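Single-structure report; data block below.
Bear in mind the structure is a predicted one, so any value in this text is a computation, not a measurement.
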Amino acid sequence: MSNTVYLVEDNKDLNFILKKYLENEGYKVEGFLDGQSTESKIHIPPDLWILDIMLPDTNGYTLFNKIKGIHPEVPIIFISAKNQDIDRVVGLELGCDDYISKPFLPRELVIKVKKLLDYTYGHKQKHGKHIKINDYIINRESHTIYHNDTELPMSSKEFQLMLFFIDNANHVFSREQILDRLWGKNYYGTDRVVDDTIRRIRKKTPGMPIETVYGAGYRLVER
């Protein structure tokens, strides 16, 4: 599943070029040219931020503090102007995860992004507080799920079942196994409650890759 990167760079040409390079590597990239547009998305975390320090209406340090105040676990790479050693020092003191100074080759940034994402998440991304699957952002702690900035209604049992599939991706579970895990051994209703719950999840989140394995059960497919 592709990682999402938010790129904040006020130079339109450079923003476009870097965005294309990152997209060619399979990342989902959203570009921003100023602080105002960036702040509108701070509450919906990407997997990684790339912040230019010099912006027309604010600076990268201010955005950094706002982002880390809400999502301290999300890694951030600073972009600094040419030969601005003080920017690098301040950025590192603030706690940025990496740094790149202009001018640089787009491929250099791609390499830094890949290494930082691998280091931060590895193969354990789905077990963190925030889970990203396709265009959905799931928060374990608040039991919320967002799609394109919109929170989707989800019952407690629907959310539990969705997390169960996510945490056991690519494994097939029968109705009986799901009932035992989520409803418990003292449940005496019909096993069709599993089908009904999955049907509601699919209706609310059509892009969630939960598939039926005929004759066996259900699984969430993680590629």
Side-chain angles (χ1 to χ4, degrees), residues 1-6 19-30 41 43-49 71 73-75 110 113-185 187 189-223:
M1 298 177 185
S2 62
N3 294 106
T4 299
V5 175
Y6 285 175
K19 186 172 183 291
K20 288 302 178 184
Y21 266 83
L22 290 165
E23 288 175 340
N24 287 340
E25 292 296 317
Y27 301 119
K28 181 179 179 182
V29 185
E30 188 162 355
K41 296 297 290 288
H43 68 290
I44 304 295
D47 295 299
L48 181 142
W49 284 89
H71 304 294
E73 74 284 359
V74 178
V110 170
V113 167
K114 184 180 186 306
K115 287 184 176 180
L116 187 52
L117 285 171
D118 287 345
Y119 175 80
T120 304
Y121 302 106
H123 298 292
K124 300 179 181 179
Q125 182 177 346
K126 67 175 182 293
H127 298 296
K129 175 182 174 182
H130 294 99
I131 308 160
K132 297 179 69 62
I133 297 180
N134 296 337
D135 292 327
Y136 300 101
I137 299 175
I138 303 103
N139 187 309
R140 289 180 182 274
E141 293 185 1
S142 64
H143 277 220
T144 55
I145 176 169
Y146 282 83
H147 181 258
N148 294 335
D149 300 346
T150 300
E151 183 177 354
L152 306 178
M154 190 76 69
S155 72
S156 176
K157 191 60 71 176
E158 291 164 0
F159 196 86
Q160 289 175 23
L161 181 53
M162 184 173 59
L163 281 182
F164 174 75
F165 281 128
I166 291 170
D167 289 340
N168 298 278
N170 297 322
H171 291 279
V172 179
F173 293 92
S174 66
R175 292 192 191 96
E176 292 74 18
Q177 289 174 317
I178 295 172
L179 276 175
D180 184 52
R181 299 284 190 92
L182 273 77
W183 276 262
K185 295 183 181 298
Y187 175 78
T190 173
D191 61 4
R192 291 295 175 182
V193 67
V194 174
D195 300 332
D196 291 339
T197 306
I198 291 174
R199 176 181 52 79
R200 293 195 301 272
I201 293 173
R202 284 170 167 168
K203 184 177 181 179
K204 295 176 180 180
T205 58
M208 191 66 64
I210 298 174
E211 69 174 24
T212 301
V213 181
Y214 291 99
Y218 300 96
R219 68 181 171 190
L220 182 139
V221 178
E222 181 182 65
R223 295 183 173 86

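No more than 12 heavy atoms of other residues, nucleotides or ligands lie within 6.0 Å of NZ in Lys114, so this atom counts as exposed by the packing criterion. For Lys157, the NZ atom is densely surrounded, since the number of other residues' heavy atoms within 6.0 Å is greater than 12. Residue-environment remark: OH (Tyr21) stays at or below the threshold of 12 foreign heavy atoms within 6.0 Å.
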Trace of the side chain to side chain contact (heavy atoms under 4.5 Å, CB included) decision for Asp196 with Arg200 | CA-CA 6 Å; Asp196 291 339; Arg200 293 195 301 272; 3.9 Å; yes

Could you check Leu220 against Asn170 for side chain to side chain contact (heavy atoms under 4.5 Å, CB included), going step by step and ending with a plain yes or no?
-> CA-CA 6 Å; Leu220 182 139; Asn170 297 322; over 6 Å; no

Would Ile138 and Met154 satisfy side chain to side chain contact (heavy atoms under 4.5 Å, CB included), going step by step from the backbone distance to the final call?
-> CA-CA 11 Å; Ile138 303 103; Met154 190 76 69; over 6 Å; no

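Expressed to the nearest 0.5 Å, how far CD of Glu211 lies from CZ of Arg202 amounts to 8.5 Å. Rounding to the nearest 0.5 Å places CD of Gln160 at 7.0 Å from NE2 of His143. Residue Gln177 holds its CD atom at 7.5 Å from CZ of Phe164, rounded to the nearest 0.5 Å. For the atom pair CG of Leu161 and CD1 of Ile210, the computed distance is 6.5 Å after rounding to the nearest 0.5 Å. In this structure, Lys204 NZ and Ile145 CD1 are separated by 10.0 Å, a value rounded to the nearest 0.5 Å. Taken to the nearest 0.5 Å, the CD1 atom of Ile131 stands 14.5 Å off from the OH atom of Tyr136.
Between Val193 and Leu179, the closest side-chain pair of non-hydrogen atoms falls below 4.5 Å. Contact check for Phe165 versus Ile198: side-chain heavy atoms found under the 4.5 Å cut-off. With contacts defined as side-chain heavy-atom distances shorter than 4.5 Å, the pair Asp180/Phe173 does not qualify.
Residue Gly207 comes nearest to Asn134 through the heavy atom pair O-ND2, 2.7 Å, listed as atom of the first residue, atom of the second, then distance. Nearest heavy atoms, Leu152 versus His147: CD1-CB, 3.9 Å. Between Leu117 and Leu48, the shortest heavy-atom contact is CD2-CB, 3.9 Å. Closest heavy-atom contact between Pro209 and Ile133: CD-CG2, 3.7 Å. Thr4 and Lys132 make their closest contact through OG1-CE, 3.3 Å (heavy atoms, listed as atom of the first residue, atom of the second, distance). Considering all non-hydrogen atoms of both residues, Glu151 and Thr144 come closest at OE2-CG2, 3.3 Å.
Under the 3.5 Å distance criterion, with hydrogens and angles disregarded, no donor-acceptor pair is assigned to the side chains of Asn139 and Tyr146.
No salt bridge links Lys28 with Asp47; every basic N to acidic carboxylate O contact stays at or beyond 4.0 Å.
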